[in-house]
Structure formats: C-alpha cells, structure tokens
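Worksheet: one structure, shown below.
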Amino acid sequence: MHKIIEKKVLAQDVTMLRVEAPEIAARRKAGQFIILRLDEEGERIPLTIAASDDQTITIISQQVGASTAQLARLQQGDSIADLVGPLGQPTHIEKWGYVVGVGGGVGTAPILPILKAVAAAGNKVDGIIGFRNKELVILEDEMKQACADLTVCTDDGSYGHKGFVTEALKKKLEEQKADMVLAVGPVVMMRAVCKLTKQMGVPTLVSLNPIMVDGTGMCGACRVSVGGKTKFACVDGPEFDGHQVDFEELMMRQRTYLQQEKISYDDFKKCHCESK
Ligand code: NAD
Ligand code: FES
C-alpha cells in the first residue's frame with residue numbers, strides 16, 4: 001500500500017497527489033511513468049511521474065473517467081493499492097542548444113520534469129503552455145522557474161495570449177529557430193505541433209499516451225506506429241520522434257473503448273450522486 005502524503009486540487013478536475021513510494025523515487029528519471037491500481041479489482045492507470053523526493057513521487061491526474069474520478073476522491077492519509085514503476089524509457093537528453101517545450105493542458109505536468117532535466121543538461125529552455133481558459137491553468141510558477149521564458153496561452157483569451165500553443169510556437173520559432181522542440185498534450189495538439197515543426201525543419205520529440213494495460217510490452221495495448229514500424233509506448237517510449245508518429249492511427253486506437261468508458265463513468269456518477 002502507498003500512502004497519500006499530500007493532496008492538492010490544481011484546477012477543475014486536475015489533482016496532484018504526493019504518494020509514498022521510496023523505491024520508485026530512488027530510480028525514476030525524467031520522462032518515466034508509473035501504472036497504479038486503486039485496489040485489486042482496479043483499472044490500471046498510467047501516469048507520468050511529475051516529481052520526486054527521497055520518499056515520495058508526485059503524480060498529477062485529470063478526472064476523465066470512473067477510475068480517475070475515484071482517484072481524485074482519495075484524501076491525504078488514504079492509500080493506493082499498487083504502484084508499478086518507474087516504467088518506460090527516460091527522456092533522451094543531449095546538449096542541443098536552444099529548446100522549446102510545449103505543454104497542452106494536463107500535458108504541462110509531464111513536460112515540467114522533462115524541461116527541468118533538459119535545462120540542467122545545459123540547454124536554453126523556453127516554455128509554452130496552453131489551456132482552454134484561466135481556471136484550468138496549472139503549474140505556471142513551476143514552469144517559470146524551469147524556463148528562461150514562459151508563454152501562457154488560453155483558447156478564449158481569459159489569461160495570457162489568446163489562441164492555441166501552436167500559434168505562440170510559430171511566432172517563437174520565427175524569432176529564433178530552435179534546435180529541438182518537446183511537446184506533451186492532447187494528440188491533436190502534438191499532431192499540430194509536429195506539422196508546424198516539420199515545415200520549419202525543427203526536430204521534435206513527443207510523449208505519447210495510448211491506452212496501456214500491463215506496461216511491460218506484453219499485451220500490445222499501447223501499440224503505435226513510428227516511422228512505419230510497430231512500437232510499444234510502454235517499453236520503447238513514451239517519447240518518440242514526432243515527425244515519424246502515425247497520429248491518425250493513435251487517435252483511432254484511443255477511441256476504441258470510448259463507449260464503455262462513458263457507460264462506466266455515467267454509472268460511477270450515478271452511484272456517487274445517489275450515495276450523497
Ligand atoms: P485541452 O484539450 O484543454 O488542450 C490543451 C491545449 O492544447 C489547448 O489549450 C491548446 O493550446 C492546445 N490544443 C488543443 N487542441 C489543439 C489543436 N487542434 N491544435 C493546436 N493546439 C491545440 O487539454 P486537456 O483537456 O488538459 O487534456 C490534456 C491531454 O493531454 C489529454 O488528452 C491527455 O490524455 C493528454 N496527456 C498526455 C500525456 C502524455 O504523456 N502524452 C500526459 C498527460 C496528459
Ligand atoms: Fe501492454 Fe504496452 S501496455 S504492451
């Protein structure tokens with residue numbers, strides 16, 4: 001069992017949990033993730049490790065279905081049954097020079113530790129983060145600390161620059177060509193970032209979040225096509241060359257269980273409301 005040491009609600013439906021996991025904390029590197037189960041019957045939820053100290057890891061979760069809603073209801077002092085990790089390959093980091101990191105919505109949580117590690121390796125790092133509106137902005141102060149310059153965008157213009165992250169990225173790359181772009185967020189955003197950076201000739205790494213089950217390369221649930229080859233995001237990724245990723249296939253595979261996920265979430269909400 002892994003005890004929750006701290007809980008914070010960062011924005012609507014976005015929760016940060018600091019959880020006791022000293023063995024994972026000792027080994028984890030930027031870009032890696034864990035898979036958790038709330039109990040023995042629980043669904044497996046993959047989540048990036050946002051930070052760690054000697055005893056704990058920090059995970060940030062968006063409430064999108066029954067299991068993540070159940071996770072969001074846990075309180076400080078409660079426990080999570082299993083945590084497996086660290087999983088996946090750590091971020092491949094080089095001294096590239098000038099790097100721009102792009103975080104879309106909750107994708108800001110996984111990009112933060114990556115950008116910290118990229119900056120620590122001697123790169124100049126600028127950040128761009130985007131949210132639907134002001135209420136959904138997360139980790140702004142932490143991103144400011146990690147980046148030389150941070151641009152915050154909102155789709156509706158209620159905070160920072162109005163528009164998608166891709167508009168801010170285009171402007172930034174026109175001012176100074178970057179040596180590397182790193183992007184984490186919704187698949188449509190990563191696809192749009194890659195379309196732009198391909199046109200502008202800037203190498204781009206993306207962190208993919210396909211459906212995962214075992215997290216060990218055995219079940220095939222997280223299969224993605226990269227450069228025409230089959231890869232498993234849980235063991236070969238989660239980061240890949242964005243210009244090689246088949247985003248259409250990824251989006252199609254992510255929709256596989258939408259109907260079942262909706263039924264399960266509706267049932268959860270019904271039970272939760274009735275039990276109030
Ligand atoms: P969201 O839908 O609110 O979008 C966040 C931002 O992405 C927008 O404000 C916009 O700037 C940009 N964006 C969205 N659509 C775009 C488009 N078509 N073109 C250009 N830019 C676009 O995001 P959310 O609701 O916070 O969801 C976050 C997503 O990130 C989820 O889909 C989640 O699965 C994903 N995620 C990915 C990882 C990962 O490792 N890849 C980790 C955590 C979350
Ligand atoms: Fe099963 Fe990756 S989650 S192969």
Side-chain angles (χ1 to χ4, degrees), residues 10-16 30-35 43-50 59-65 68 84-85 87-89 91 101-114 127-139 151-170 182-197 204-224 230-240 242 245 247 250-251 253-255 258 261:
L10 300 184
Q12 187 195 340
D13 293 339
V14 182
T15 309
M16 183 280 279
Q32 290 185 297
F33 65 97
I34 51 103
I35 291 185
E43 188 187 358
R44 291 155 179 261
I45 310 174
L47 289 169
T48 305
I49 305 169
I59 49 178
I60 294 175
S61 160
Q62 184 180 34
Q63 188 173 316
V64 288
T68 45
V84 182
L87 298 170
Q89 300 297 324
T91 302
V102 184
V106 183
T108 303
I111 198 98
L112 174 62
I114 295 172
I128 300 171
I129 51 176
F131 307 87
R132 271 169 274 145
N133 59 53
K134 186 181 176 187
E135 276 64 50
L136 298 175
V137 175
I138 57 166
L139 302 171
T151 307
V152 184
C153 310
T154 50
D155 300 2
D156 65 358
S158 53
Y159 188 67
H161 295 256
K162 185 175 192 297
F164 282 172
V165 285
T166 34
E167 290 157 40
L169 178 64
K170 184 166 188 286
L182 301 162
V184 189
V187 179
V188 281
M189 182 211 87
M190 294 191 284
R191 182 181 62 173
V193 164
C194 290
K195 191 174 169 207
L196 175 69
T197 55
T204 303
L205 286 172
V206 292
S207 176
L208 303 184
N209 59 332
I211 294 168
M212 287 192 187
V213 180
D214 66 332
T216 63
M218 299 293 284
C219 72
C222 68
R223 175 167 66 79
V224 287
T230 294
K231 299 279 176 188
F232 297 109
C234 67
V235 287
D236 300 320
E239 281 158 34
F240 294 102
V245 171
F247 287 107
L250 175 59
M251 281 192 268
R253 286 180 63 81
Q254 272 191 324
R255 288 194 292 265
L258 265 189
E261 284 165 9

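Start at 1 and go down the list; that is how both ligands and their atoms are numbered.
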Applying a heavy-atom cut-off of 4.0 Å, say which part of V165 lies close to ligand 1: side chain, backbone, both or neither. both

Which heavy atom of P210 sits nearest to which heavy atom of L250, and what is that distance? CB-CD1, 3.8 Å

Which pair of heavy atoms, one from F240 and one from V245, lies closest together, and at what distance? CB-CG2, 4.0 Å

Per-atom filter on ligand 1: closer than 4.0 angstrom to a heavy atom of G130 are 5 (C), 6 (C), 9 (O), 11 (O)

Give the minimum heavy-atom separation between V187 and N209, together with the two atoms involved. CG2-OD1, 4.1 Å

Considering G103, G107, G105, which one's heavy-atom position lies nearest to atom 44 (C) of ligand 1? G107

Name the closest protein heavy atom to atom 32 (O) of ligand 1, giving the residue it belongs to and the distance to 0.1 Å. P186 CA, 3.8 Å

For ligand 1, which atoms have a heavy atom of F131 less than 4.0 angstrom away? 9 (O)

Identify, for atom 16 (C) of ligand 1, the protein heavy atom at the shortest distance, and state residue, atom and that distance. F164 CE1, 3.6 Å

Regarding atom 28 (C) of ligand 1: of the candidates L196, T48, V106, D156, which has the closest heavy atom? V106

Which residue supplies the protein heavy atom nearest to atom 15 (N) of ligand 1, what is that atom called, and how far is it? V188 CG2, 3.6 Å

Looking only at distance, does D155 have an N or O less than 3.5 Å from an N or O of ligand 1? yes

Relative to atom 27 (O) of ligand 1, which among Q62, E167, K195, M189 owns the nearest non-hydrogen atom? Q62

Looking at ligand 1, does G185 have a heavy atom less than 4.0 Å from it? yes

Under 4.0 Å from a heavy atom of V184: which atoms of ligand 1 are those, numbered in the order shown and with their elements? 38 (C), 39 (C), 40 (O), 41 (N)

With heavy-atom distances below 4.0 Å as the criterion, list the atoms of ligand 1 near A192. 19 (N), 20 (C)

Protein contact of atom 35 (C) of ligand 1 - nearest heavy atom, named by residue and atom, plus distance: N209 ND2, 3.4 Å

Geometric N/O contact M190 with ligand 1, under 3.5 angstrom: no

For atom 25 (O) of ligand 1, what is the nearest protein heavy atom, given as residue, atom name and distance? R132 NH2, 2.7 Å

Total protein N/O/S atoms whose distance from atom 1 (Fe) of ligand 2 is less than 2.8 Å: 2

State whether the shortest distance between N or O atoms of G163 and N or O atoms of ligand 1 falls below 3.5 angstrom. no

Among non-hydrogen protein atoms, atom 41 (N) of ligand 1 lies closest to S207 O, 2.3 Å

Is the closest heavy atom of P110 to ligand 1 under 4.0 Å? yes

